[in-house]
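Working notes, structure below.
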Amino acid sequence: MEFDDVSFDKAQALFLGQDSERLIACLAGLNLGAPVEDDQALSIVEAMGWILPGTRTLTGFGWLVSDSCREYKFWVERQRRLPFLGFTEALTETAFHGKAVLEIGAGMGANLMSLSPLVKSVEGLEPVAIYRQMGAILRQREGLPAARHGPGRAEALPHADGSFDTVLLVSAHQYMELAPAFAEAARVLRPGGELILVGGVLGKFMRKVMSDLPRKPSVIRPGLVTLVNTLGYMALGHRVVAARSGTTTSRPIYPLASSICRLLRDVGLTVTVPGAVLSDERLFRATKPLN
Ligand SMILES: C[S@@+](CC[C@H](N)C(=O)[O-])C[C@H]1O[C@@H](n2cnc3c(N)ncnc32)[C@H](O)[C@@H]1O
């Protein structure tokens, strides 16, 4: 699924046009399941085929467009800053200064936009074409130059050995096959380079399921699948229930911090921050030895 040239041009005109703020708010609201009352914006969303006719139900394509709008809106609301800075002294902006950075699982590229002014170079890797296309449009909206934001998967990176000072993973490791993804991250780091991973672990995930349970019993089944898959991954090295094909964000796993550290050590990295607590997530930093 991706925009063809005609629909890309139409989307670009809409997201750069006069009513773009309302359109973005409408799509972000639909994505979050919030009440949306802007009939004019809704009629544009319907004309683009992003909701089913006469409903507020997002189509598959519309969901990816709306997800990008939600990410973008949150990014603007947090003053266009990286989401994970300011929670711990174990990570500050200086970690990125002057570095060649690769973000794996970059989504529509909000972190790439925040990193651009800090780094020597930044590149994103994202398997979902619509996220990359929406990222290109939203960067234009921000007056930023086009980014390197290419296709690919964490488990088989299209980059040469030793290409980056820093590899970044933010809220993305849960969808990956961790052992090959970490091996690939270690391969593309230069000696002395660093992997920075920010993401959830099992405890936080289970607390969220338990707190959602009283008002949303539908969380039981996916919660159980995630628990089984996470425990399966820690014990056997693979998911028991396979990820759904056609989507990159199904069947997440949230291994314990100790399991993540073990997997990082297994690929030859030296763990320097073994799961520092951020607001909701954990921070891991691991360096590639010099020799
Ligand atoms: C929750 S989003 C996070 C996006 C971004 N890192 C951020 O912080 O805004 C997770 C992203 O990881 C991507 N992803 C999932 N599996 C992947 C894989 N095996 N390799 C690379 N990216 C993957 C998804 O397509 C999705 O865009």
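Counting starts at 1 for both ligands and their atoms, in listed order.
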Testing Arg148, Glu103, Glu123 for side chain to side chain contact (heavy atoms under 4.5 Å, CB included) with Leu112, which one passes?
-> Glu103
When you look at CD of Glu77, are more than 12 heavy atoms from neighbouring residues, nucleotides or ligands closer to it than 6.0 Å?
->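 More than 12 heavy atoms, drawn from other residues, nucleotides or ligands, come within 6.0 Å of this atom.
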Other than Leu157, what residues sit in its cluster of Ile, Leu, Val, Met, Phe, Trp and Tyr side chains whose heavy atoms are under 4.5 Å apart, directly or through others?
-> Leu102, Ile104, Leu125, Phe164, Val167, Leu169, Met176, Leu178, Phe182, Val188, Leu189, Leu195, Leu197, Val201, Tyr233, Ile253, Ile260, Leu263, Leu264, Val267, Leu269, Val271, Phe284
List, pair by pair, the atoms of ligand 1 and of the protein that are both N or O and lie under 3.5 Å apart, giving the separation rounded to 0.1 Å.
residue	atom	partner	partner atom	Å
ligand 1	6 (N)	Glu103	OE2	2.7
ligand 1	6 (N)	Gly105	O	2.8
ligand 1	6 (N)	Val170	O	2.9
ligand 1	8 (O)	Asn111	ND2	3.0
ligand 1	19 (N)	Arg153	NH2	3.3
ligand 1	19 (N)	Glu155	OE1	3.1
ligand 1	19 (N)	Glu155	OE2	3.2
ligand 1	20 (N)	Ala154	N	2.9
ligand 1	25 (O)	Glu126	OE2	2.7
ligand 1	25 (O)	Thr248	OG1	2.7
ligand 1	27 (O)	Glu126	OE1	2.6
ligand 1	27 (O)	Glu126	OE2	3.2

List the steps, then state whether side chain to side chain contact (heavy atoms under 4.5 Å, CB included) holds for Val273 with Leu91.
-> CA-CA 9 Å; Val273 178; Leu91 185 63; over 6 Å; no
One should read off an interatomic distance between Arg78 CZ and Phe84 CZ, to the nearest 0.5 angstrom, of 9.0 Å
Heavy-atom closest contact (Gly29 atom, Val36 atom, distance) | C-CG2, 3.9 Å
